[in-house]
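This report refers to the structure that appears directly beneath it.
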Protein chains: 2
Amino acid sequence: MITTKDIAERLGISVSTVGRALADDPRISEETKFRVRQAASEMGYVGNRAARMMRGASSNVVGLVIPDIRNSFYSTIAHELSKNMEAQGFQLMLSETDDDRAVELRHLRELSANRVAGVIIVPTARPHTESVKLLRALPHLQLLRKHPSLGSQWFGVDDHEALRQATAHLVAQGHTRLGYLGGPVELPTGAERLKGFQDALREAGLPDEAGHAELGPPSSVEYGREAVRRLLDGPRAPTALVLGSVQLTLGVLEELSQEGVKVPEELSVVGFGDEPGFSWWGPGLTTIGLPIQEMATGCALWMMRRLTQKPSNDGPYTSVSPGSLVVRGSTAAPSGGTSPDRSG
Amino acid sequence: MITTKDIAERLGISVSTVGRALADDPRISEETKFRVRQAASEMGYVGNRAARMMRGASSNVVGLVIPDIRNSFYSTIAHELSKNMEAQGFQLMLSETDDDRAVELRHLRELSANRVAGVIIVPTARPHTESVKLLRALPHLQLLRKHPSLGSQWFGVDDHEALRQATAHLVAQGHTRLGYLGGPVELPTGAERLKGFQDALREAGLPDEAGHAELGPPSSVEYGREAVRRLLDGPRAPTALVLGSVQLTLGVLEELSQEGVKVPEELSVVGFGDEPGFSWWGPGLTTIGLPIQEMATGCALWMMRRLTQKPSNDGPYTSVSPGSLVVRGSTAAPSGGTSPDRSG
DNA sequence: CGGCTCTGTGCTAACGTTAGCATTGCTGTT
DNA sequence: AACAGCAATGCTAACGTTAGCACAGAGCCG
């Protein structure tokens, strides 16, 4: 690798002068600057950021720690972050945890060793103590999930309200036997979404038995397929189904198509997220649309401001984006059930 | 940040001893090792890789340079790479080019400045000269697209054969007016796919006018929508359509659903890639399935071997994965057209 | 013509880590 | 007793870059 020393030797000048010329220092004559730049370009010199960092310069890398990049939820976030950060000369280090705290810890150790400038993380359900320690030593931002022992900077969506709204939509159509399929309560998002489902039932005056919830790994398409099969084959099969994760929705849709379940006649369905394909699934999937892109952009801008501005504005920051129900054809009144007008 | 010096001072020993203890050097007594590890853990010491790299250690970061992570093609690749590399202690730096050579160059400059160990790249159509220079100074691996002035290590799919097969499938069903929608010929993949389409027609003895190709940005869903509209509204609308990119397929499917085009009665369609949603689109999308996951795994293993083994096996390496046609319901004989048996 | 400023450049130290060589006490051998 | 060998540790330099200070020469003023 070419260093400033190589350039200096070739031109018969000192490394200081080379360094200053490349930094466009006003004290260096234009002629010297020209010769240095010329030589640097010819020799293929590329500054060594590791060395620069040792002299106190900060890294231009931000770590993104997410469960799985294949989930379009997260790939959208990665894209928005990357785009916004590239414009300001920052790079993105991608770390996938697969929702495994051991993997999460290994990644955070690596990110710390590489002295990243900051970390944007979707934490696992219960991060390791060391993970928390490592994160707290860095500017960090939580995304979607919010863990109490981490910093109070958080961007997320209103999970409770989103699921409440989706469930209320079904209840308003007369459903009294509802199923919910989502992530475990150990995850803050899982807990909030389940609560939104349950609260909507309670608000409608329905008994607790009206809602049956199946909870499992939220990133597993396969689990979605299994769970919906179990739900429909069970003794009190629901007439309506609410979903609490994108991947589970994908699994459910595949399974329902394959099994030929008639939607909305036999079963009403409300999905989670709005993927390409949801609009053309069966009669069109009614689903909870989330402003992922806006959230990701906000997230990127916050981190960039935090890293480029002098006064470290570390005050608590929380941004909650509302979801919005996209009504398509997959929801209707239950075939043999109560009418939407349940005034009795 | 805690350094070895801090630990040394606290324990009243030298930095050398601390460094050796942490490296588990056999010359250091077990007792000292224990005390050093204890102190390091308590003080939250995290080794500084920048400093280590200055002493000649190589980076544990590999750059991944792709057009757009939202394309599930690429997110699958990123996932497989990340997973395989994490197991060996490597990290992934994600760079999106949006197929813009200026952005590509900026990213490669950053990756070089950060002294990444290697780069896996899906190059833009015509990378900048400096980009080529930067890449050639690093272990690098091309993915999908193959640029002649870069190294001869390449992982890709047999684009020509995949499109030839898809087109032949339609021709065998009796179609004589076919449309193709794909990326520009400037991209190696675009050129190969178009050629596969054209060669299939030629092999079937069809005249050149039998195939009409529309070429445009392969990563634009919106372009897919526009182009299919243009194609169907044109004077000699095709009875069958072959697609040459995942994103274009997504756009086409959305547009066809929305416009209520009857598939396969009015139009036969063969998609590209096999996304969730393709199976439940209309009558089920006949599509070109690609072994992305296997390819990505191979790619990761190659790079890991290249970076961890001593003899730099830089010989030319090419791995071509075949695609496979997944036949579903979106292809059939043209309604008013020639019969499959065109023996005349 | 001595001393001043100004311009352009060089010297040196420092960042955190590690490898090579030096040093200090021991123990065991002749 | 002298010395070799060994275990455990310390000292120093080096990696590439940059900031602070030093310095040489030129031009200018009194």
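- One interatomic measurement links the two molecules: NZ of B:Lys5 to P of D:dT12, which rounds to 14 Å at whole-angstrom precision.
- When all heavy atoms of B:Ile2 and A:Arg115 are compared, the closest pair comes out as O-NH2, 4.4 Å.
- Of all nucleotides listed (D:dG10, C:dT17, D:dT9), D:dG10 comes nearest to the side chain of B:Ser14.
- At the heavy-atom level, A:Thr17 lies under 4.0 Å from the strands shown only through sugar-phosphate atoms.
- There is a side-chain donor-acceptor pair under 3.5 Å between B:Glu110 and A:Asn60.
- A:Arg136 places a side-chain N or O within donor-acceptor distance of the main-chain N or O of A:Ser149, the cut-off being under 3.5 Å.
- For the pair B:Lys33 NZ and D:dA8 P, the computed distance is 9 Å after rounding to whole Å.
- Considering only the side chain of B:Ala51, C:dT17 comes nearest among C:dT9, C:dC15, C:dT17.
- Mapping B:Ile28 and A:Ala23 onto DNA chain D by nearest heavy atom places B:Ile28 closer to the 5' end of the strand.
- Put simply, the side chain of A:Pro218 reaches to within 4.5 Å of the side chain of A:Leu187, judged on heavy atoms.
- In this model, the phosphate group of C:dT18 is approached by a side-chain N or O of B:Arg52 to a distance below 4.0 Å at OP1 or OP2.
- For the pair B:Asp25 CG and D:dA7 C1', the computed distance is 12 Å after rounding to whole Å.
- When heavy atoms are screened at a 4.0 angstrom cut-off, B:Ser16 is found touching base atoms of the nucleic acid.
- Rounded to whole angstrom, the span from the CZ atom of A:Arg115 across to the C1' atom of C:dT17 amounts to 11 Å.
- Looking at which nucleotide of DNA chain C each of A:Glu30 and B:Met54 is closest to, the 5′-most match is held by A:Glu30.
- The separation between A:Arg20 atom CZ and C:dG8 atom P is 12 Å, rounded to whole Å.
- At the phosphate of C:dC15, neither OP1 nor OP2 sits under 4.0 Å from any side-chain N or O atom of B:Thr3.
- The CZ-P distance, from B:Arg27 to C:dT23, rounds to 16 Å in whole Å.
- Considering every non-hydrogen atom in both B:Ala39 and B:Ile7, the closest pair reads CB-CG2, 4.1 Å.
- The CE atom of A:Met1 sits 22 Å away from the P atom of D:dA14 (whole-angstrom rounding).
- Atom CG in A:Asn48 sits roughly 13 Å away from atom C1' in D:dT18 (whole-Å rounding).
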